[in-house]
Chemist: 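The structure's right below; bear with me while I get my questions together.
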Amino acid sequence: MQARFEFLEDKNRDQTRLKDFVRKKDGYEQQVLRIESVDELIRWGPNVRIKNTGTEPIDAIKTEVNYVLGSAYGAGVEQIYPPPIIVNEVSSNEASSFGKLMLGESARIDLAPLLLHQISRLNWQDFAEKDHQGIFTVSVYSRLVGSASYDRMEPNRPKVLEFHWRPAGFKNDAKHVKELLDIKPSVKIE
């Protein structure tokens with residue numbers, strides 16, 4: 001028996017709430033989603049939602065976030081050519097304290113601590129005062145009640161998440177960075 005689940009589109013996301021984080025791209029007229037501090041990351045509340053589409057309850061969810069591609073940009077930033085290959089370990093969390101995700105139920109998975117873990121591993125010494133752009137993949141795996149292993153989503157297509165951040169805001173807030181890194185991402189049944 002295999003866990004069956006799928007990503008749900010979050011149509012209830014309040015677009016007016018996102019406007020607090022939309023800013024002009026440094027050096028361009030384009031508006032982008034840019035997070036400048038731990039507080040903003042928490043208020044933004046990045047998450048994914050999954051729905052149990054199988055016939056058995058799910059009792060554990062594993063979430064993996066990976067920085068795939070990105071760059072610093074703006075006046076005075078010189079990119080290296082060819083771009084360096086960045087190998088970054090996946091940030092992951094296994095959650096099993098949310099109860100059981102029954103057939104037809106959905107769960108919201110918080111991504112803020114995992115995203116912060118990914119961006120905090122990057123070298124903020126280079127262009128810390130400049131904007132950075134990152135593309136991240138989010139993969140989710142589920143375990144059926146009584147099973148020993150996790151099943152991947154079929155078809156296996158991770159969610160792609162893109163946002164911009166300014167490292168100086170995070171670097172100057174080391175206390176809150178550490179606090180958020182110590183928090184386990186929450187999984188809430190809806």
Side-chain angles (χ1 to χ4, degrees), residues 1-18 21 33 35 37-70 86-122 134-163 165 170 175-190:
M1 183 86 38
Q2 181 176 352
R4 303 245 180 242
F5 56 102
E6 63 185 31
F7 282 120
L8 292 177
E9 291 301 320
D10 198 354
K11 299 190 185 311
N12 298 324
R13 189 115 176 136
D14 184 4
Q15 294 299 317
T16 58
R17 208 175 62 97
L18 287 179
F21 311 111
L33 174 67
I35 306 301
S37 67
V38 174
D39 178 61
E40 285 191 359
L41 182 62
I42 292 168
R43 287 189 299 122
W44 171 34
N47 63 76
V48 292
R49 292 176 59 221
I50 65 165
K51 179 179 181 179
N52 183 350
T53 57
T55 58
E56 300 292 324
I58 292 170
D59 73 347
I61 297 173
K62 180 178 180 180
T63 309
E64 295 182 345
V65 174
N66 191 27
Y67 174 84
V68 178
L69 181 67
I86 296 175
V87 178
N88 195 14
E89 290 183 18
V90 170
S91 297
S92 67
N93 181 62
E94 294 184 40
S96 59
S97 62
F98 57 86
K100 290 184 179 77
L101 185 62
M102 304 305 283
L103 171 62
E105 288 184 329
S106 62
R108 183 178 302 272
I109 305 163
D110 174 35
L111 299 175
L114 297 174
L115 286 168
L116 180 60
H117 186 255
Q118 284 292 290
I119 66 174
S120 67
R121 297 176 59 114
L122 302 172
I135 298 173
F136 303 83
T137 57
V138 180
S139 298
V140 176
Y141 306 89
S142 292
R143 185 180 72 198
L144 293 176
V145 172
S147 178
S149 63
Y150 285 91
D151 296 318
R152 68 179 58 238
M153 191 175 291
E154 295 293 338
N156 185 25
R157 281 187 232 138
K159 279 276 191 191
V160 175
L161 181 63
E162 178 182 354
F163 72 98
W165 72 92
F170 290 90
K175 178 183 175 216
H176 290 113
V177 167
K178 181 175 177 355
E179 288 173 359
L180 183 56
L181 287 174
D182 289 341
I183 294 174
K184 297 292 182 194
S186 66
V187 173
K188 294 180 185 162
I189 296 177
E190 299 181 318

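From a predicted model like this one, the values you see are computed outputs, not experimental measurements.
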Chemist: Please test Phe21 against Arg43 for side-chain contact (heavy atoms from CB on, under 4.5 Å), starting from the C-alpha separation and ending with a verdict.
Modeler: CA-CA 9 Å; Phe21 311 111; Arg43 287 189 299 122; 3.9 Å; yes
Chemist: Measure the CD1-NZ distance between Ile58 and Lys100 for me, rounded to the nearest 0.5 Å.
Modeler: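 Reported to 0.5 Å precision, the distance equals 12.5 Å.
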Chemist: Hey, could you give me the OG/CZ distance between Ser106 and Phe5, rounded to the nearest 0.5 Å?
Modeler: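 These two atoms lie 14.0 Å from each other.
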Chemist: Please give me the minimum heavy-atom distance between Gly104 and Lys51, naming the atom from each residue.
Modeler: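 So the minimum-distance heavy-atom pair works out to O-CE, 3.6 Å.
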Chemist: Work out which heavy atom in Pro185 is nearest to a heavy atom in Leu114; give both atom names and the distance.
Modeler: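 Residues Pro185 and Leu114, closest heavy atoms: CG-CG, 3.7 Å.
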Chemist: Any side-chain heavy-atom pair from Arg121 and Tyr67 closer than 4.5 angstrom?
Modeler: no
Chemist: Asn47 side chain to Gly45 main-chain N or O, any donor-acceptor pair under 3.5 Å?
Modeler: yes
Chemist: Are Arg152 and Tyr141 in a cation-pi contact, defined as NZ or CZ under 6.0 Å from the six-membered ring centre and within 45° of the axis?
Modeler: no
Chemist: Of all the heavy-atom pairs spanning Gln2 and Leu144, show the shortest one and how long it is.
Modeler: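 Nearest heavy atoms, Gln2 then Leu144: C-CD1, 3.7 Å.
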Chemist: Under 30°, 30 to 60°, or over 60°: which ring-plane class applies to Trp165 and Phe136, parallel, tilted or perpendicular?
Modeler: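 Ring orientation of Trp165 relative to Phe136: tilted.
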Chemist: Report yes or no: does Asn52 contribute a side-chain atom to a donor-acceptor pair with the main-chain N or O of Gly54 at less than 3.5 Å?
Modeler: yes
Chemist: Go through Leu115 and Ile35 one step at a time and tell me if the side-chain contact (heavy atoms from CB on, under 4.5 Å) criterion holds.
Modeler: CA-CA 11 Å; Leu115 286 168; Ile35 306 301; over 6 Å; no
Chemist: Can you confirm whether Ile189 sits close enough to Met102 that some side-chain heavy atom of one is under 4.5 Å from a side-chain heavy atom of the other?
Modeler: no
Chemist: Do Glu64 side-chain atoms and Asn93 backbone N/O form a donor-acceptor pair below 3.5 Å?
Modeler: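 Flag not set: sc Glu64 to bb Asn93 has no pair under 3.5 Å.
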Chemist: I need the full list of side-chain hydrogen bond (donor to acceptor under 3.5 Å, both in side chains) pairs touching residues 177-188, with sequence neighbours left out, sorted by first then second residue.
Modeler: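 Counting only pairs at least two positions apart or across chains, the side-chain hydrogen bond (donor to acceptor under 3.5 Å, both in side chains) contacts touching residues 177-188 are Lys178-Asp182.
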Chemist: With distance as the sole test, does Ser120 use its side chain to make a donor-acceptor pair with the main-chain N or O of Leu116 at under 3.5 Å?
Modeler: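 Answer holds: yes.
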Chemist: Which pair of heavy atoms, one from Trp44 and one from Leu33, lies closest together, and at what distance?
Modeler: CZ2-CD2, 3.3 Å
Chemist: Working note: Glu9 + Lys159, criterion salt bridge (charged side-chain N to carboxylate O under 4.0 Å, His left out); need CA distance, chi angles, decisive distance, verdict.
Modeler: CA-CA 10 Å; Glu9 291 301 320; Lys159 279 276 191 191; 3.0 Å; yes
Chemist: Determine the sole option in Ile61, Leu8, Thr63 for which the side-chain contact (heavy atoms from CB on, under 4.5 Å) test with Ile50 is passed.
Modeler: Ile61
Chemist: Look up atom CG in Leu103 and atom CZ in Arg4, then write down how far apart they are to the nearest 0.5 Å.
Modeler: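 Between atom CG of Leu103 and atom CZ of Arg4 there are 12.5 Å.
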Chemist: Any side-chain heavy-atom pair from Leu180 and Pro113 closer than 4.5 angstrom?
Modeler: yes
Chemist: Rounded to the nearest 0.5 Å, how far apart are CG of Asp59 and OG of Ser97?
Modeler: 11.0 Å
Chemist: Looking only at heavy atoms, what is the nearest atom pair of Arg143 and Ser149, with distance?
Modeler: CG-O, 3.4 Å
Chemist: In Å and rounded to the nearest 0.5 Å, what is the CD to CZ distance from Glu6 to Arg157?
Modeler: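 Here the interatomic distance stands at 11.0 Å.
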Chemist: Rounded to the nearest 0.5 Å, what's the gap from CZ on Phe170 to OG on Ser37? Could you check?
Modeler: 6.0 Å
Chemist: Can you name the nearest heavy-atom pair linking Ala60 to Tyr150, along with the distance?
Modeler: CB-OH, 3.6 Å
